[in-house]
Amino acid sequence: MLAELEEKKARLKQQAVDFKESRSQLNAEASKWAAERNELNKKTKELIDKAQELKKLRDEYNKSVAEAKQNRDEYNEKTNDIYAQIDEIRKKHNLTGDRSIRGLRREIDHMEFKQQTEVLSPEKEKQLVERISALRTEFKTRKEQMEKNEVLRDLLDGAQELRDKASEYHDLVTKSAELAQEYHDKMIATFKEADQMRAQADAAHREFVTAQEAADKQHREFIRTQREIRDFDKIITGLRRKNREKREDKVKAEVRKEAEEILTQFRQGEKLDTSDLLRLQRSGLV
């Protein structure tokens, strides 16, 4: 039985070694995944911070667009007011034709915008260019005619200055809108990259949890085997002590029996030598 217990204890010791090694490997793997997860989370935060900065820039340019639009519209409104005054004077003094110079200016602006923003066939492009050229010629002729009137000339000059200001703000609107869109696109791309990075970090975290849980399981098994080894040690120690006591009792019994035989011989008149006395002393009978 003692040999069987020793064998089981040896197997448990080997299992404990295996569990300890497995636990160490899994803890190392968990640490690797934790480090990768932390690095990915760090990069995710950096990307989010970058996206927030891009969002801030986009919002600033959108604000600039709104402010430039307001200024542009205010100058356009002032320009229209002057053109309205010009039309009143023109009609009152029967100057030039029935069509207002403001109407010509609006049509020219509309045609130029269409040319800049729409994709046209070569034929339609040609027709549009010819139409713009004709309107410009007409506008120039009408303007020169009206400039002969000093009041109209001053009003036309004022309208042109206001229109130039409106044009400057319109250019600012266009430029700011383009930059706002550029930063918006970069912001969206950066947020998407951050989402992808976060997904990778989440995957690394799942791997970390799996490895850590496996390591914890191996640790529990190691503790269990250590506890069982201690239990076996107690049982084996107890059995060894009992076997030793049995052997000692057997020796004592044999010594006592031998001593009793010596005493019997002594009582029968036989002489005892030194070795006989030592045996009697060892037995405790004398």
Side-chain angles (χ1 to χ4, degrees), residues 1-57 184-259 278-279 281-285:
M1 182 178 179
L2 187 59
E4 184 179 348
L5 290 172
E6 290 281 7
E7 184 180 350
K8 288 183 177 179
K9 177 185 171 183
R11 286 201 299 270
L12 281 170
K13 280 189 173 181
Q14 185 57 51
Q15 288 178 8
V17 170
D18 294 340
F19 287 136
K20 186 177 180 180
E21 289 179 354
S22 180
R23 179 191 65 185
S24 297
Q25 291 173 358
L26 288 165
N27 275 330
E29 183 179 352
S31 295
K32 181 197 74 173
W33 285 115
E36 183 172 340
R37 175 202 61 195
N38 293 342
E39 183 63 24
L40 288 167
N41 278 332
K42 179 183 176 184
K43 290 180 179 178
T44 299
K45 184 180 182 303
E46 290 173 353
L47 285 168
I48 290 175
D49 290 343
K50 179 182 176 182
Q52 292 294 347
E53 286 298 320
L54 291 168
K55 181 177 182 293
K56 183 179 178 181
L57 289 169
H184 175 77
D185 294 341
K186 288 181 179 179
M187 178 197 72
I188 295 299
T190 306
F191 271 128
K192 286 183 179 179
E193 188 177 355
D195 288 341
Q196 293 171 356
M197 196 70 69
R198 185 185 293 108
Q200 293 178 32
D202 290 344
H205 179 68
R206 288 193 293 271
E207 293 291 346
F208 161 76
V209 171
T210 299
Q212 190 63 61
E213 288 177 347
D216 291 343
K217 182 179 179 182
Q218 295 300 301
H219 177 69
R220 289 193 295 272
E221 290 298 313
F222 171 74
I223 296 300
R224 177 185 61 78
T225 53
Q226 290 292 96
R227 186 168 53 249
E228 291 184 10
I229 288 170
R230 287 194 296 272
D231 291 342
F232 271 95
D233 279 337
K234 291 178 182 177
I235 295 170
I236 291 170
T237 300
L239 285 174
R240 284 176 175 169
R241 184 176 61 253
K242 287 182 179 180
N243 287 342
R244 185 173 61 253
E245 289 173 351
K246 284 181 181 179
R247 287 195 300 270
E248 290 174 353
D249 289 344
K250 184 179 179 181
V251 170
K252 287 179 181 179
E254 290 176 351
V255 170
R256 187 178 183 84
K257 182 180 179 182
E258 184 179 359
L278 288 173
R279 290 191 189 101
Q281 187 179 11
R282 190 166 64 246
S283 69
L285 293 177

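Predicted model, so just to flag it, every value in this text is computed and none were measured.
Contact of the Arg37 side chain with the Leu40 side chain is not registered, since no non-hydrogen atoms from C-beta on lie closer than 4.5 Å. By the 4.5 Å heavy-atom criterion applied to side chains, Thr44 and Glu193 are not counted as neighbours. Counting only heavy atoms from C-beta outward, the side chains of Phe191 and Met187 approach each other to under 4.5 Å.
In this view, Lys20 and Arg23, Phe222 satisfy the side-chain contact (heavy atoms from CB on, under 4.5 Å) rule, not counting sequence neighbours. Applying the salt bridge (Lys or Arg N to Asp or Glu O under 4.0 Å) test to Arg224 and every residue at least two apart in sequence or in another chain returns Glu221, Glu228. Here Glu39 pairs with Lys42, Lys43 under the side-chain contact (heavy atoms from CB on, under 4.5 Å) rule; sequence neighbours left out. For Asp195, the side-chain contact (heavy atoms from CB on, under 4.5 Å) test picks out Arg198, with sequence neighbours left out. Taking the side-chain contact (heavy atoms from CB on, under 4.5 Å) definition, one finds that Gln25 meets it with nothing, sequence neighbours left out. Residues that satisfy the salt bridge (Lys or Arg N to Asp or Glu O under 4.0 Å) test with Asp233, not counting sequence neighbours, are Lys9.
Residues Phe208 and Ala34 approach most closely at CD1-CB, 3.8 Å, considering heavy atoms.
With rounding to the nearest 0.5 Å, the separation of CD in Gln226 from NZ in Lys13 is 9.5 Å. Rounded to the nearest 0.5 angstrom, Lys8 NZ and Glu4 CD are separated by 4.5 Å. Rounding to the nearest 0.5 Å places CG of Leu54 at 5.0 Å from OG1 of Thr190. Here the straight-line distance linking atom CZ of Phe19 with atom CZ of Arg220 works out to 11.5 Å at 0.5 Å rounding. Expressed to the nearest 0.5 Å, how far NE2 of His219 lies from CG of Leu26 amounts to 13.0 Å. Atom CZ of Arg11 is separated from atom CZ of Phe232 by 8.0 Å, given to the nearest 0.5 angstrom.
Side-chain atoms of Ser22 never come within 3.5 Å of backbone atoms of Asp18 as a donor-acceptor pair (strictly under, hydrogens ignored).
Salt-bridge annotation for Asp49 and Lys45: present, with a side-chain N of the basic residue lying under 4.0 Å from a carboxylate O of the acidic one. In this structure, Glu46 does not pair ionically with Lys50, as no charged nitrogen and carboxylate oxygen lie closer than 4.0 Å. Of the charged side-chain nitrogens involved, none lies within less than 4.0 Å of a carboxylate oxygen, so that Glu36 and Lys32 do not count as a salt-bridged pair.
Tested against Met197 for a side-chain contact (heavy atoms from CB on, under 4.5 Å), the candidates Ile48, Asp202, Leu47 yield a single pass: Leu47.
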